[in-house]
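The structure appears right after this line, and notes come after that.
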Number of protein chains: 2
Amino acid sequence: MVEDVVRTLGFLCMGSRLRRIGERLQADTQQVIDEAGLGIQAGQYPFLAAIDRAGPLTIGELAQAVGITQPGATRTTGQLLELGYVDMQPAPDDQRRRLVSLTAKGQDLVDYSKKVIWPRIAAAVADLCGDLDGPILEQLAAIEDGLAVAPLARRSPVKEET
Amino acid sequence: MVEDVVRTLGFLCMGSRLRRIGERLQADTQQVIDEAGLGIQAGQYPFLAAIDRAGPLTIGELAQAVGITQPGATRTTGQLLELGYVDMQPAPDDQRRRLVSLTAKGQDLVDYSKKVIWPRIAAAVADLCGDLDGPILEQLAAIEDGLAVAPLARRSPVKEET
DNA sequence: GGATGTTATATAACGTGTTATAGATTAAAT
DNA sequence: ATTTAATCTATAACACGTTATATAACATCC
């Protein structure tokens, strides 16, 4: 049995580690979705949820809402279009923007998911995290906020720009 | 300004969120490495650290040590070979196994990194996480252990296999 | 009102993880 | 001993993120 260096090295490998856990969680989430017989990828859900919450959004707004870059949003939106869950049309006032909205099929999926799938996933994750010492979600938020204030490179002691 | 749905949805999107933060941290880490003028990728470091800690390891052991799948380990090892940081030769007792070891150049890089780079990165991450309520590293460990015991699908209430 | 710059989306090329599968070597079984 | 099964690494195909850049539409300035 080999030691898990990422775990052993602590803060040094926290990036790798968060990613690794995130990937694992998403894979597990996918399994729950598949078991429910839904033809959708876990990573596509936030897009649908964003539109459901805020109404039709442009590609750029979707990218912001789900926290990825614009080309990624373009691609995932293309997949959702292909699957028939969303519709896309130029914004009336600005032909550059494409407004992405839910189709009836997409709204059905969201409604069903909100009722059946999402609570199940959230409950499973809560169960997993329930026994933790601290409020993990707030800590993640604090990390995100901290990174927004000053990236790691600006926190490494070599460049004391006092 | 559009709301961050991944953040808003909490436990439901924790997978995406952890991944997102991990990617951001790794990108920031890469910047620190680049500023130090080292020609290496952040994701390659755990491989070197694993060999440094445990001595020569096989591809499979490396995969285990850094927590990815074997094909990923094969690829990254190939890159490190190309860069001249590691050497690879068949295990004497079993021709299927390939023992990966540090070259002099690789050991130099590790020694320098241990002294200069890694403490800098670890300090920056610790600074980022310092003000948190709870011990984030232990919480991550608890999540990993929890997933090992029962994946999400086995924690979702639909399949009560009592 | 035409040149110039800016903004929004699309596309290309790449990085790094995954799963599925092939090839080579070792172990086991008849 | 030869066949069969198991193990280890390599390779192929794909998923999904990134950066860099092209194209189209809008805004501005003379």
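First the proteins, then the strands, lettered A, B, ... as listed; each starts at 1.
- If you chain together hydrophobic residues whose side chains sit under 4.5 Å apart, B:L99 and B:L48 never meet in one group.
- Counting distance only, with no hydrogens placed and no angle test, the side-chain atoms of B:Q70 and the base atoms of D:dA10 include a donor-acceptor pair under 3.5 Å.
- Under a 3.5 Å cut-off, the side chain of B:R120 and the backbone N or O of B:V32 do not form any donor-acceptor pair.
- Side-chain proximity of A:I68 to D:dT18, C:dT18, D:dA10: nearest is D:dT18.
- Remark: C1' of D:dT9 and CG of B:L81 are 13 Å apart, rounded to the nearest angstrom.
- Along DNA chain D, the nucleotide closest to A:A91 and the one closest to B:I59 are compared, and the more 5′ of them pairs with B:I59.
- Salt-bridge formation is detected for the pair A:R7/B:D145: a Lys NZ or Arg NE/NH1/NH2 atom is positioned less than 4.0 Å from an Asp or Glu carboxylate oxygen.
- For C:dT18, one of the phosphate oxygens OP1 or OP2 lies less than 4.0 angstrom from a side-chain nitrogen or oxygen of B:T69.
- The distance between atom CG of A:L99 and atom P of D:dA25, rounded to the nearest whole Å, is 16 Å.
- The nearest whole Å value for the distance from the CD atom in A:Q30 to the C1' atom in D:dC14 is 14 Å.
- When rounded to the nearest whole Å, the span between CZ of B:F47 and C1' of C:dT16 equals 10 Å.
- Take the nearest nucleotide of DNA chain D for A:T76 and for A:P92: the residue whose nucleotide is more 5' is A:T76.
- Look at B:R75 and you won't find any side-chain N or O under 4.0 angstrom from OP1 or OP2 of C:dG15.
- Judged by distance alone, with hydrogens and angles left aside, A:R96 brings no side-chain donor or acceptor close enough to the base of C:dT9 to form a pair under 3.5 Å.
- Rounding to whole angstrom units, CD1 of residue A:I40 and C1' of D:dA15 are separated by 15 Å.
- The distance from atom CG of A:L128 to atom CG of B:L147, rounded to the nearest 0.5 Å, is 4.5 Å.
- For the pair A:Q95 CD and C:dA10 C1', the computed distance is 16 Å after rounding to whole Å.
- Judged by distance alone with a 3.5 Å cut-off, no donor-acceptor contact links the side chain of B:R19 to the base of D:dG17.
- Across the protein-nucleic acid pair, B:R24 atom CZ and C:dT16 atom C1' stand 19 Å apart, rounded to whole Å.
- With hydrogens and angles left out, the side chain of B:R98 and the base of D:dT9 share no donor-acceptor pair within 3.5 Å.
- Comparing atom distances between the B:R97 side chain and each of D:dT9, D:dC26, C:dT16 picks out D:dT9 as nearest.
- Spacing between atom CD of A:Q79 and atom P of D:dG17 amounts to 9 Å, rounded to whole angstrom units.
- Counting non-hydrogen atoms under 4.0 angstrom, B:G43 reaches nothing in the nucleic acid.
- Residue B:M88 has its side chain nearest to D:dA10 when only C:dT9, D:dA10, D:dT19 are considered.
- A continuous path of Ile, Leu, Val, Met, Phe, Trp and Tyr side chains, each step under 4.5 Å between heavy atoms, connects A:L57 with A:M88, placing both in one hydrophobic cluster.
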**Report entry** Chi angles and distances behind the salt bridge (charged side-chain N to carboxylate O under 4.0 Å, His left out) call for B:E144, A:R17
**Finding:** CA-CA 10 Å; B:E144 288 171 330; A:R17 195 164 175 199; 3.0 Å; yes

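- A:Q41 has a side-chain polar atom (N or O) that falls below the 4.0 Å cut-off from OP1 or OP2 of D:dC16.
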